[in-house]
S.K.: 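After the structure tokens below, expect a handful of questions from me.
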Amino acid sequence: MPFSLNGFHRAGGTRFRLFAQSPVLTGFARPETVWISSPTGTLGPGPSDARMYVVEPVDKQPYGESDLPPYRGPITPPVDPSEGGHFDHLFPGDPGFASAHMFGAVRRVLDVWETYLGGPIHWHFAGTHPRLEMIPHVPWNNAHFGWGFMECGEGADDQGALRPFALNFDVLAHETGHGILFALGGMPTPEGMTAAWRGFHESASDCVAMISALHFESFVDHVLNATSGDLYVENEMNRIGELSATRQIRNASNALRLSDVEGLDLPANEITGKQVHALGQPLTGAIFDIGVEFFMDGLVDAGLVTRAYARDVRAAARDDRISQLDRKPCTEAFHDDPAGFRDALGDARDLVGLRLAETWRRIEPDGFTYPTLARAFLRVDREMSGDANRRAIRECFEWREIEPD
Ligand SMILES: [Zn+2]
């Protein structure tokens with residue numbers, strides 16, 4: 001059975017309203033009530049707790065190279081919890097909703113990854129800054145995670161309207177991903193930093209966002225309905241990307257190989273931000289493909305598709321002729337048993353999440369290369385489940401031209 005965060009409900013957590021995806025997307029206009037792990041009544045105004053807090057400056061520029069939190073300028077009054085200690089009394093448009101949304105989303109992402117890691121994540125900046133400062137709005141078209149802070153600007157949606165990133169779960173989860181990776185692997189020395197390490201950081205943060213989003217049942221259903229349960233993506237633009245329009249899934253289900261991206265051989269400080277994101281995409285694609293492999297195994301084990309179908313679809317994907325294959329056996333099975341597909345996707349999500357978390361814990365930032373990551377992932381998988389997945393995982397990396405040895 002997949003992991004469930006519903007345990008925080010029974011254990012007395014705290015309620016928030018979160019958008020599972022950007023509210024501009026069809027099906028995600030209304031926030032969902034979720035439980036985070038903070039024990040009821042322990043969160044203060046802001047919201048805030050012992051390791052993170054939100055402040056809303058009246059007028060603040062993004063943090064630059066030299067200035068660091070805490071922010072000491074004028075702020076709007078922090079939002080209070082309800083009498084019962086929750087934050088779900090706030091609705092979109094209410095003062096403080098974006099602050100509560102940012103806190104709740106970041107805490108939920110930490111809940112997901114602390115579950116996979118089996119323990120708390122400690123900020124890498126804790127020596128100078130015991131708490132993460134979160135700022136839901138600065139006048140900027142970006143969001144970033146730095147030494148002791150995370151802050152959000154806003155970005156144009158497909159219609160050109162500006163949307164606050166503090167209400168975008170994907171963006172918040174991606175930035176939290178950087179924080180988790182720094183906490184687990186630390187920072188390279190300036191001499192030891194490679195272009196691959198920078199690409200990896202973006203890729204892994206996208207994986208954090210994708211896997212965290214799959215903990216919303218509404219998002220799982222959306223992905224399955226949009227694809228009729230057939231996650232075996234085309235190597236060109238695929239249906240998940242088109243229909244969900246979410247950045248992370250679009251990035252994840254890409255068809256890029258290492259030879260399609262530039263800059264891997266350049267010094268880490270000479271590549272542009274755009275190149276860094278592109279560099280991460282073949283790696284993200286490999287992880288996505290591994291997730292699809294696990295999903296197919298789950299469907300076979302549950303008797304939802306036959307072993308022969310799984311073998312055919314894998315061979316077709318490997319030879320880039322997946323669009324020629326009749327995939328009705330899969331889509332028909334989904335319409336007969338959507339709950340079985342939901343379980344298989346939840347299991348695949350957790351199989352990938354557990355392996356990534358353990359792999360990232362072992363990453364050495366200095367001199368990082370993609371093959372070392374692939375080797376570490378294979379080693380972790382072998383420790384968790386023997387040789388069963390070895391060949392499939394190797395093929396996913398090799399298709400992207402990431403050679404484990
Ligand atoms: Zn990033």
Side-chain angles (χ1 to χ4, degrees), residues 1-4 6 20-21 25-29 32 207 210-246 248-255 284-353 355 385 388-389 391-393 395-396 399-400:
M1 278 300 283
F3 279 127
S4 166
N6 294 336
Q21 288 289 286
L25 298 176
T26 312
F28 296 100
E32 289 176 40
C207 291
M210 179 173 58
I211 288 171
S212 302
L214 286 169
H215 280 269
F216 287 97
E217 280 170 25
S218 60
F219 186 64
V220 169
D221 285 344
H222 173 75
V223 168
L224 289 173
N225 288 327
T227 59
S228 296
D230 179 11
L231 298 190
Y232 240 94
V233 292
E234 324 278 351
N235 286 328
E236 293 78 35
M237 191 60 190
N238 66 81
R239 288 178 291 162
I240 304 177
E242 276 170 313
L243 291 173
S244 82
T246 70
Q248 267 69 34
I249 295 288
R250 207 154 40 191
N251 284 351
S253 57
N254 70 72
T284 314
I287 300 299
F288 183 86
D289 295 345
I290 291 167
V292 176
E293 291 288 328
F294 286 147
F295 176 67
M296 281 305 286
D297 285 342
L299 295 183
V300 172
D301 289 346
L304 292 161
V305 301
T306 63
R307 203 164 289 281
Y309 175 79
R311 191 188 53 225
D312 291 349
V313 79
R314 281 183 169 124
R318 209 167 35 236
D319 304 340
D320 296 342
R321 51 175 178 79
I322 187 115
S323 56
Q324 296 159 24
L325 196 82
D326 175 16
R327 277 129 89 200
K328 267 204 228 93
C330 183
T331 53
E332 285 175 359
F334 171 65
H335 289 294
D336 288 345
D337 186 2
F341 275 65
R342 218 177 285 143
D343 276 353
L345 184 50
D347 283 331
R349 171 199 70 198
D350 294 339
L351 288 169
V352 175
R355 281 156 182 73
S385 51
N389 311 313
R391 188 168 154 213
I393 293 171
E395 284 177 357
C396 290
W399 193 90
R400 304 285 169 170

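Computed from a prediction, not measured in an experiment: that's the story for all the values here. Sequence positions, counted from 1, serve as the residue numbers for this chain.
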S.K.: Could you check whether any side-chain N or O of Arg355 sits under 3.5 Å from a backbone N or O of Leu351, counting only pairs where one atom can act as donor and the other as acceptor?
M.R.: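 A pair under 3.5 Å: yes.
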S.K.: Let's go through Asp350 and His215 carefully: what are the C-alpha distance in whole Å and the side-chain angles of both, what is the deciding distance for side-chain contact (heavy atoms from CB on, under 4.5 Å) to 0.1 Å, and is it a yes or a no?
M.R.: CA-CA 10 Å; Asp350 294 339; His215 280 269; 3.9 Å; yes
S.K.: Grab the two heavy atoms, one from Cys330 and one from Gly229, that are nearest each other, plus how far apart they are.
M.R.: SG-O, 3.5 Å
S.K.: Work out which heavy atom in Cys207 is nearest to a heavy atom in Thr284; give both atom names and the distance.
M.R.: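 Reported closest heavy-atom pair: SG-CG2, 4.1 Å.
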S.K.: Got a second to check how far Phe341's CZ is from Asp230's CG, nearest 0.5 Å?
M.R.: 8.5 Å
S.K.: Kindly write out the residues that satisfy side chain to side chain contact (heavy atoms under 4.5 Å, CB included) with Ala388, not counting sequence neighbours, or none if the list is empty.
M.R.: none
S.K.: Name the atoms and distances for all side-chain donor-acceptor pairs under 3.5 Å in residues 290-305, with sequence neighbours left out.
M.R.:
residue	atom	partner	partner atom	Å
Glu293	OE1	Arg314	NE	2.5
Glu293	OE1	Arg314	NH2	3.1
Glu293	OE2	Tyr232	OH	2.7
Asp297	OD1	Arg314	NH2	2.8

S.K.: List in chain and number order the residues that pass side chain to side chain contact (heavy atoms under 4.5 Å, CB included) with Ser218, two or more places apart in sequence or in another chain; answer none if no residue qualifies.
M.R.: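 Per chain and number, Ser218 pairs via side chain to side chain contact (heavy atoms under 4.5 Å, CB included) with Ala20, Phe28, Glu32, Phe216.
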S.K.: Mind listing the closest non-hydrogen atom pair of Ala317 and Trp399 along with its distance?
M.R.: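 Of all heavy-atom pairs spanning Ala317 and Trp399, the closest is O-NE1, 4.2 Å.
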S.K.: Hey, could you give me the OG1/CG distance between Thr331 and Asp336, rounded to the nearest 0.5 Å?
M.R.: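 That separation rounds to 10.0 Å.
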S.K.: Donor-acceptor pair, Asp319 side chain versus Arg321 backbone, under 3.5 Å?
M.R.: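 Checked: no pair found.
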S.K.: Looking only at the side chains, is there a donor atom on one of Arg327 and Thr227 sitting less than 3.5 Å from an acceptor on the other?
M.R.: no
S.K.: Measure across Val220 and Arg342 and return the closest heavy-atom pair with its distance rounded to 0.1 Å.
M.R.: CG1-CG, 3.6 Å
